[in-house]
Amino acid sequence: MERIKPRGPKAPRRPQLADRIELQEQVTELAAQQAAMSEVLRSIANSPHDLEPIFDTITANATRLCRAEVGALIIFEEHGYRLVARTGMADEFYVKGRLYPVSEGAPSARMIKTRSPVHIADLAADQAYHQRIPGLVALVERIGVRSYLLVPMLKDNELVGGITIVRARMQPFTDKQIELVTAFAAQATIALEITRRERQLRQAQMELAHATRVAAMGHLTGSLAHELKQPLSAMAANAEAGSRWLTREPPQIEKAKQSVERIVKDVERASAVIDRVHGLVKKAPPRTDTININDAILEVMTVVHGELVKNRIRAQTQLSDSLPRVRGDRVQLQQVMLNLVINAIQAMSGVTDGIRELRISTESIKQEVRVAVQDTGPGLMTDNLEQLFEPFFTTKPSGMGMGLSICRTIVEEHGGRLWASENEPKGALFQFALPPTSTLDGT
Ligand code: ADP
């Protein structure tokens, strides 16, 4: 066995100028890498819903820091890979957004097999180029690519995509550079995962919001049916009257015409009821509109009108006529109103002594559009008002306890807040405040 010879202490070598320069370069390089990594993280934080700017930043930084000319980020799909970002020289073959097949023998096919980086020192000497695979012919002959690197994006050992960077000169990539691109690939995978989860969460939230909206409308079916019955029976009566006027001798055309006109009006009334209900229960992706909150409230009030009458509740609206508009999804904000109003109606439906009064008001206070829903029910029977907004908190025998929690999510997604307090002298007061469009737009 070879013995390790003990070495005597070595006198520390004075750093030479060349060493110092190299050290300095390393520090500068590291600082540049760190700056690039934080730029990527910033773009992930700034646009969690939009991968495009994130992938662009990653590709540009990986290419620049490895002193390469062209870079691209690809994501694998069922039938090949999609080019989602590219930087450097443009070529008509490689176009952002286009889907490419994986050709046998191509670097992408090799990466699929090995799940490790594919590094080709000289692409012009590689078998894939001699196979005349179109993508590689384009790289070598049109862009002039020589040294080539493709690094996988792996999620739990599953290949999701890759980052490729290429040089228009023959200069193989160093291990450090391959490591760096691998770190960028990891960031791209994280970004992909964050947006995927975000999308799933939004989808689940939307489904839940839709389900609670349908449930809220369920409370109104009785009174809505009643509201539809009115124009329907009026139509029947007018139709009968109209035919009687026509069978008179001589036929009373003018009177019959009036009956028909009344029928048309009732048809319009009935279809307006159906449209409003349909607008609230239909499943539609969220939209961003400029909304007049007063109009949105009045529409909700017409939907709940029958329920208010049935429960003998007097409704008062005090809507500010100088209210700035708000930006967001009209149906979602109407859902908030609908939930608050239905809660108020339900709270007052058990009141036997005293008045049942619902008061809806809007005003513009401190740069906010504020909406208040007041009732004269028994009030909030809890010391912990925040509890009301927790999912599944309910004091109703058949309650879901989701209404207020969803309402708060919707309001917060619109940049606002929703809170509860006791109403004076009795009942509950729910308020929400939204930023007006002007502060959001900075106009
Ligand atoms: P649900 O209506 O299914 O119970 P919500 O999340 O809408 O679910 O409401 C949670 C709870 O908040 C209700 O069960 C009730 O105890 C209380 N609450 C909500 N609105 C009022 C109100 N206007 N007056 C009194 N209590 C209310």
Side-chain angles (χ1 to χ4, degrees), residues 29-30 33-34 36-37 40-41 44 51 54-88 94 99-140 143 145-194 196:
E29 185 87 22
L30 271 175
Q33 286 176 13
Q34 214 158 40
M37 290 287 171
V40 172
L41 289 178
I44 293 177
L51 283 166
I54 300 172
F55 287 161
D56 284 343
T57 312
I58 289 176
T59 312
N61 278 313
T63 310
R64 183 173 47 84
L65 287 178
C66 291
R67 297 190 183 84
E69 276 80 36
V70 179
L73 200 148
I74 59 170
I75 298 292
F76 285 104
E77 293 184 7
E78 205 183 331
H79 302 292
Y81 63 83
R82 195 172 293 282
L83 189 86
V84 293
R86 56 156 299 144
T87 183
Y94 286 108
L99 187 72
Y100 297 87
V102 175
S103 314
E104 185 65 36
S108 52
R110 280 181 240 173
M111 184 175 72
I112 291 174
K113 266 196 206 113
T114 61
R115 277 161 215 280
S116 10
V118 178
H119 184 197
I120 303 168
D122 184 7
L123 200 59
D126 193 78
Q127 42 118 348
Y129 168 63
H130 295 298
Q131 259 172 263
R132 307 295 294 167
I133 294 173
L136 296 183
V137 172
L139 283 180
V140 174
I143 305 181
V145 170
R146 302 301 295 270
S147 294
Y148 175 101
L149 177 66
L150 174 62
V151 169
M153 282 166 57
L154 294 167
K155 191 199 151 261
D156 303 329
N157 215 28
E158 181 204 339
L159 186 68
V160 289
I163 297 180
T164 174
I165 58 169
V166 294
R167 283 178 175 149
R169 60 188 183 283
M170 210 185 94
Q171 185 191 3
F173 292 93
T174 63
D175 287 347
K176 274 226 174 78
Q177 288 170 333
I178 298 178
E179 243 172 57
L180 185 67
V181 183
T182 307
F184 277 120
Q187 285 193 333
T189 314
I190 291 169
L192 198 66
E193 190 56 14
I194 290 175
R196 198 178 60 84

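- For the pair Thr189/Leu154, no side-chain contact is recorded, criterion being any heavy-atom separation below 4.5 Å from C-beta on.
- A salt bridge links Glu193 and Arg196; the closest N-O separation between the charged side-chain nitrogens and carboxylate oxygens is under 4.0 Å.
- Interatomic distance, Arg67 CZ to Gln177 CD, rounded to the nearest 0.5 Å: 7.0 Å.
- Proximity of Tyr148 to Ile165: side-chain heavy atoms (C-beta onward) are nowhere separated by under 4.5 Å.
- Closest heavy-atom contact between Pro172 and Ser147: N-OG, 3.6 Å.
- Distance check: Ile190 CD1 to Lys155 NZ gives 11.5 Å after rounding to the nearest 0.5 Å.
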List the steps and the verdict of side-chain contact (heavy atoms from CB on, under 4.5 Å) for Val102 and His79. CA-CA 8 Å; Val102 175; His79 302 292; over 6 Å; no
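- In summary, Asp126 and Arg110 engage in a salt bridge, as defined by a charged side-chain N under 4.0 Å from a carboxylate O.
- Between the side chain of Gln131 and the main chain of Glu104, a donor-acceptor pair closer than 3.5 Å is present.
- To the nearest 0.5 Å, atom CE of residue Met111 and atom OG1 of residue Thr164 are 8.5 Å apart.
- Counting heavy atoms from C-beta outward, Pro152 and Ile112 have side chains that stay 4.5 Å or more apart.
- Gly105 and Ile133 get closest at one heavy-atom pair: C-CD1, 4.1 Å.
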Evaluate side-chain contact (heavy atoms from CB on, under 4.5 Å) for Asp122 paired with Arg146, printing each intermediate quantity in order. CA-CA 5 Å; Asp122 184 7; Arg146 302 301 295 270; 2.7 Å; yes
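- At least one side-chain heavy atom of Val137 sits under 4.5 Å from a side-chain heavy atom of Arg132.
- We find that Glu69 and Arg169 are joined by a salt bridge, their nearest charged nitrogen and carboxylate oxygen being less than 4.0 Å apart.
- Between the side chain of Tyr94 and the backbone N or O of Ala138 there is no donor-acceptor pair closer than 3.5 Å.
- Taking CD1 from Ile58 and OG1 from Thr63, the interatomic distance works out to 11.0 Å, rounded to the nearest 0.5 Å.
- Atom CD1 of residue Ile74 and atom CG of residue Leu150 lie 5.5 Å apart, to the nearest 0.5 angstrom.
- Within a 6.0 Å radius of CD in Gln127, other residues, nucleotides and ligands contribute more than 12 heavy atoms.
- Side-chain contact between Val70 and Ile143 is present, with at least one heavy-atom pair separated by less than 4.5 Å.
- At a threshold of 4.0 Å, the pair Arg64-Glu29 does not count as salt-bridged, since none of the basic side-chain nitrogens sits closer than that to a carboxylate oxygen.
- To the nearest 0.5 Å, the span separating CD on Glu179 from CZ on Phe184 amounts to 13.0 Å.
- Between the side chain of His130 and the backbone N or O of Ala124 there is at least one donor-acceptor pair closer than 3.5 Å.
- A distance-only check finds no donor-acceptor pair linking the side chain of Thr182 to the backbone of Leu180 [under 3.5 Å].
- Scanning both residues, Ala72 and Thr59, for their nearest heavy atoms gives N-CG2, 3.5 Å.
- Aromatic ring pairs are classed by plane angle as parallel below 30°, tilted from 30° to 60° and perpendicular above 60°; the pair Tyr100 and Tyr81 is parallel.
- Shown here for Thr87 and Ala60, the closest heavy-atom pair between the two residues is CG2-CA, 4.0 Å.
- Both cation-pi conditions hold for Arg167 and Phe173: the charged atom is under 6.0 angstrom from the six-membered ring centre and inside a 45 degree cone around its axis.
- A heavy-atom distance below 4.5 Å is found between the side chains of Leu192 and Leu51.
- Minimum heavy-atom separation, Glu77 to Leu99: OE1-CD1, 3.4 Å.
- The closest donor-acceptor contact from the side chain of Arg115 to the backbone of Asn157 lies under 3.5 Å.
- The shortest heavy-atom contact between Phe55 and Ala188 is CE2-O, 3.8 Å.
- The closest side-chain heavy-atom distance from Val40 to Asn61 is below 4.5 Å.
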